[in-house]
Amino acid sequence: LVIHASDLGNRGVGHAFDGVSLDGVDDSINAGSGVDLVGQSYTMSTWLKAEGTGQMTLMAQGNVSDNEGFTFALNNDKLSMSLSGGATLESGTIANTSEWNLYTASFDNVSRIRTLYVNGVQVASDTVADDYIGIGDFILGAGTSGTMDEARVYQRALSGEEVAKL
């Protein structure tokens, strides 16, 4: 899955192309229910130039509190990933979130390792016991204030070397 702002309204100046401008209130992108990551390894990444701080959901599916989803977010200048109701993996504080940054989250379904990256550099990692039980629509940018560009989902866990080349 690759989402380009040229396919959407609300264009803003993006990192690579036109980005999609999100107001942090009622803007989001619904990619539908066709993104099936259940029982798979995956990597998600997006460029974001944030405006302000707070809870900014980069990508999500299902409802984490019901053990049926995940959330990949920028929360008060910290990158986080929650998976099927388990513990939240969180980075330290990220400097300069108001500039273009590439945020990436990876989950390896075999090793159970999930990893967070900022601009290709690993900022957090852990091992989880939870399975991803995803249901529902795949949503990008809910509650996000800023410009998002080049949102991608890979149906495998990219290596650190691959993430560094994104």
Side-chain angles (χ1 to χ4, degrees), residues 1 3 5 8 10-16 19-31 35 37 42-108 112-130 132-134 136-154 157-158 160 163-164 166:
L1 169 70
I3 296 179
L8 308 166
N10 296 344
R11 290 187 188 171
V13 176
H15 179 265
V20 61
S21 180
L22 301 163
D23 67 8
V25 178
D26 58 2
D27 289 345
S28 65
I29 302 163
N30 187 330
V35 180
L37 302 174
Y42 54 85
T43 302
M44 297 169 249
S45 70
T46 189
W47 286 95
L48 179 69
K49 185 175 183 180
E51 295 175 6
T53 61
Q55 174 72 30
M56 298 187 199
T57 301
L58 304 176
M59 299 181 196
Q61 186 174 37
N63 187 337
V64 174
S65 62
D66 290 339
N67 295 330
E68 297 175 340
F70 77 86
T71 302
F72 172 39
L74 185 62
N75 189 1
N76 294 315
D77 295 335
K78 294 180 180 182
L79 194 60
S80 67
M81 182 182 191
S82 298
L83 181 66
S84 296
T88 298
L89 174 63
E90 187 173 79
S91 73
T93 300
I94 300 166
N96 303 318
T97 57
S98 62
E99 298 176 8
W100 282 109
N101 288 290
L102 178 63
Y103 300 110
T104 306
S106 181
F107 174 66
D108 186 313
R112 317 300 295 166
I113 295 173
R114 56 185 179 168
T115 309
L116 298 174
Y117 303 86
V118 177
N119 297 323
V121 177
Q122 181 179 320
V123 295
S125 182
D126 70 358
T127 302
V128 295
D130 305 310
Y132 173 58
I133 307 168
D137 290 348
F138 193 86
I139 306 294
L140 297 95
T144 300
S145 180
T147 304
M148 183 180 277
D149 196 12
E150 291 297 294
R152 296 173 182 260
V153 177
Y154 302 87
L158 296 182
V163 170
L166 293 178

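Note that the coordinates shown come from a computational prediction; the quantities given were computed from them, not determined experimentally.
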Non-hydrogen side-chain atoms of Leu37 and Val153 separated by less than 4.5 Å
yes
Nearest atoms (heavy-atom pairs only) where [X] meets [Y]:
{"X": "Thr43", "Y": "Ser106", "value": "OG1-OG, 3.3 Å"}
{"X": "Leu79", "Y": "Leu58", "value": "CD1-CD1, 4.0 Å"}
{"X": "Ser45", "Y": "Leu102", "value": "CB-CD1, 4.1 Å"}
{"X": "Met81", "Y": "Phe107", "value": "CE-CB, 4.0 Å"}
{"X": "Thr71", "Y": "Gln55", "value": "CG2-NE2, 4.4 Å"}

Going from [atom1] on [X] to [atom2] on [Y], what distance comes out if it is rounded to the nearest 0.5 angstrom?
{"X": "Trp100", "Y": "Asp149", "atom1": "CH2", "atom2": "CG", "result": "5.0 Å"}
{"X": "Ile94", "Y": "Asn119", "atom1": "CD1", "atom2": "CG", "result": "9.0 Å"}
{"X": "Asp23", "Y": "Ser145", "atom1": "CG", "atom2": "OG", "result": "7.0 Å"}
{"X": "Leu166", "Y": "Tyr103", "atom1": "CG", "atom2": "OH", "result": "15.0 Å"}
{"X": "Ser82", "Y": "Arg114", "atom1": "OG", "atom2": "CZ", "result": "7.0 Å"}
{"X": "Ser80", "Y": "Phe72", "atom1": "OG", "atom2": "CZ", "result": "8.5 Å"}

After noting the C-alpha distance and the side-chain angles of Leu116 and Leu89, does the key distance pass the side chain to side chain contact (heavy atoms under 4.5 Å, CB included) rule?
CA-CA 8 Å; Leu116 298 174; Leu89 174 63; 3.8 Å; yes
In this structure, which one of Thr53, Thr97, Asn96 forms a side-chain hydrogen bond (donor to acceptor under 3.5 Å, both in side chains) with Asp77?
Thr97
Let me know which of Glu150, Met59, Arg152 forms a side chain to side chain contact (heavy atoms under 4.5 Å, CB included) with Thr46.
Met59
Under 3.5 Å, side chain of Asn30 to main-chain N/O of Ser28, donor-acceptor pair present?
no
